[in-house]
Every structure is written in C-alpha cells, then in structure tokens.
Student: 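Provided herewith is a single structure, encoded as structure tokens, for subsequent inquiry.
Note that the structure is a prediction, hence the values are computed from the model and not measured. Atoms within each ligand, like the ligands themselves, are counted from 1 in listed order.
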Amino acid sequence: MKKNFLFFLILLIQPLFCQEKAQKNIILIIGDGMGVPQITAGMYKLKNQTALENFPIIGLSKTHSSNALITDSAAAGTAIACGEKTANGTLGISMRNQKLTSILELSKQKGYKTGIIATSTIVHATPAAFYANVISRNQYEDIALQLVNSDVDYFIGGGRKFFISRKDKRNLMKEMSDYDFVNSIKKFDESESNKIGYFTSSEDPYPIRNGRIPKLSLAVEKMLPKLSNTNNPYFLLVEASQIDWGGHKNDIDYVLSEFIDMNEAINKVLEFTKNDKNTIVIVTGDHETGGLAIISGRIRNFQMKTEFSTIGHSAAMIPVFAKGPHSEIFSGIYDNTDIFKKMFFVLNN
Ligand SMILES: [Zn+2]
C-alpha cells in the first residue's frame, strides 16, 4: 500500500522535474554589406517581394566599432559573434587584448552541432569571427590554422589555398584528418562523416552571376539535414558575403544578384523550418556598403535608378529580422553586440 502510494506520488510530480527545456536551434544569416537600401532594391528587383517579409520581428542595430563610426566586417563580425565592440580589422580579440569566445563556440560547449556556409573564403572576416582570434583579419593563414582545432563541424566556402599553399609548408587538409573533404555539393550530401569540409574554390568564390556553385540555397538545403539529423541542437551561420563586394564596386547588378542568391537561401531555410517550433532564424547585415540610394524609378515593373555615395561602408543602422522561439527579444534599437547577447539568451532558454 505504502509502496503504491509512493509510486503514484512519483508519477504525479515527475513532470515537475523531468520537463527538460528543449534546446533551440539557431540559424544566423548575415548579408555582408546589406542595409535597408540593398533590401529595398532587392525587393523591387524581385517585383516587390522578399523572403524577409515572412519575419514577424524586426529590430535595428547600431554598427559602429570601438574605434570608428564606420565599422569594417571584422569588428562587426566580432560584435555579432562574440558580443564585444573591438577595433576595425580585429577578429575575436577585445580592446583589452583578451581572446573572446564566439556564440558558435559557446553553442558547442552545450552540445550543439555547428556549421558555417560563406560565399567568400571560409577565412574571410565574417565567418572567421565565429572561430578565430587574430589581431588582423588579413592573417588568412593563421585563421586557417585556427579552423583546424575549431568547433566547426561542417563548412562550405572558398579559400583552399590558405590550407595547402602555405608559407609554413603545412598541409592543413591532411592535418584535419577528422574531416571528410569533398569537392562537390553532391559529395557533401552523400558523406556520412560527422565533420565535412567543402572548399568551393581555391581563392575567392566567383560572383553568382559568373556561375558560382553551389547556389547558397543548395548549400543550405544540403547542410541543414546534416545538422538536424541527430538529437543534438545546432547552430548554423550562413554568410552572403558578396553583397558587400558589389557595393564596394558600386555595381548594382552585382549587389542585386547576390541579394537574390541570399533571398532564395532564406526561402529554403524558412521552408525547412516551417513546422519546427524549436528553431530561431535571424537575418541581419554587418553594415551597409556603398551608401546606396534609389533616386528615381517607375511603378511599372518596379524599375529603379540607383546611386552609390561611397565605395566604402556607411554608418547606417542595420535591420535584424527574427522568426521562431524567443524572436520577440530582437525588436527595438540596440548595439550589434546585443545580437550576440540575444542569441546567448536563446542558447540558455
Ligand atoms: Zn566591405
């Protein structure tokens, strides 16, 4: 009798103790150099629609770095990845010269699987901010070395040469023996390894209009099943790197084609996570590039004439779009470092 009562009592109170909070998956998509003008021009180019309209929560981030009103991608990437404003050109190191820990590394400590996709080299400033700590973003070979022992499980991006044609003569692809290196998205898809590296090019990947493969949407489509096929939660960074490069060249067609490549990838992510209550999708930029403005146009076919005001970056605030669990905390105006803090909250709640 006593035994039965105890058993019943345990059954009754069990949910109070065993109700584990499900860990949230985080997908962060960064359009490098993507501010409101790039989104607006991209939207009109797509006949007045963009995947970003599916996001219920929008905020604005202040992008200045610790030493400049106009940030570069290294300081902005560090702010978003590690939560501290640092000097332009610096990756993952604070103004007090301390090594910072990124949200990707913190997620790994919590048992997450991790992935990075970039349309630049994998050692370029924005992706590198999530796994490297270097004083200068130009230390590409040092950044490559730091990827060897990083917490990145799967990566797709350019820059093979920084791993195999090095001043120190090391062959990092050989040293990364726990990775399965593949040379096509099909092989990436077929690989059953827990760690996969896919160098899409030796140097910078081509612009999408010059035939870059894979398309960002295809890379995302093949990456997401890898990350989500175990019981572990996951963190994925996707960078549409070349919106920025089009801005620096003041080439609107370059900007728009890269935006559309990213827009398709966002649609793919939203489709994949449609019935998934456990994944937050965040889309933002690191800064605006080109000081782009739409200065005239016609409503018919949404034709537009654009003008750039600089070949560099601008200080414009950058929108942050969020959808999924805890997305409401991304509304408002805040520093780019708060994007890290908000993802950190998601990681722990
Ligand atoms: Zn730039």
Student: May I ask you to decide whether Asp178 forms a salt bridge with Lys195, counting only side-chain N to carboxylate O separations under 4.0 Å?
Tutor: yes

Student: Going by chain and residue number, what protein N/O/S atoms come nearer than 2.8 Å to the Zn ion (ligand 1)?
Tutor: Asp244 OD1, Asp244 OD2, His248 NE2, His313 NE2

Student: State, to 0.1 Å, how close Lys113 and Asn229 come at their nearest heavy-atom pair, and which atoms those are.
Tutor: NZ-OD1, 3.7 Å

Student: Checking side-chain polar atoms at under 3.5 Å, does Ser241 have a donor or acceptor matched by the opposite partner on Ser120?
Tutor: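 Side chains of Ser241 and Ser120: pair found under 3.5 Å.
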
Student: Atom CZ of Arg160 and atom CE of Met173: how far apart are they, to the nearest 0.5 Å?
Tutor: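 Rounded to the nearest 0.5 Å, the CZ-CE separation comes to 6.5 Å.
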
Student: Is Asp338 paired with Lys341 through a side-chain N to carboxylate O contact shorter than 4.0 Å?
Tutor: yes

Student: Could you walk me through whether Ser73 and His287 pass side chain to side chain donor-acceptor pair (under 3.5 Å), step by step?
Tutor: CA-CA 7 Å; Ser73 289; His287 52 72; 3.0 Å; yes

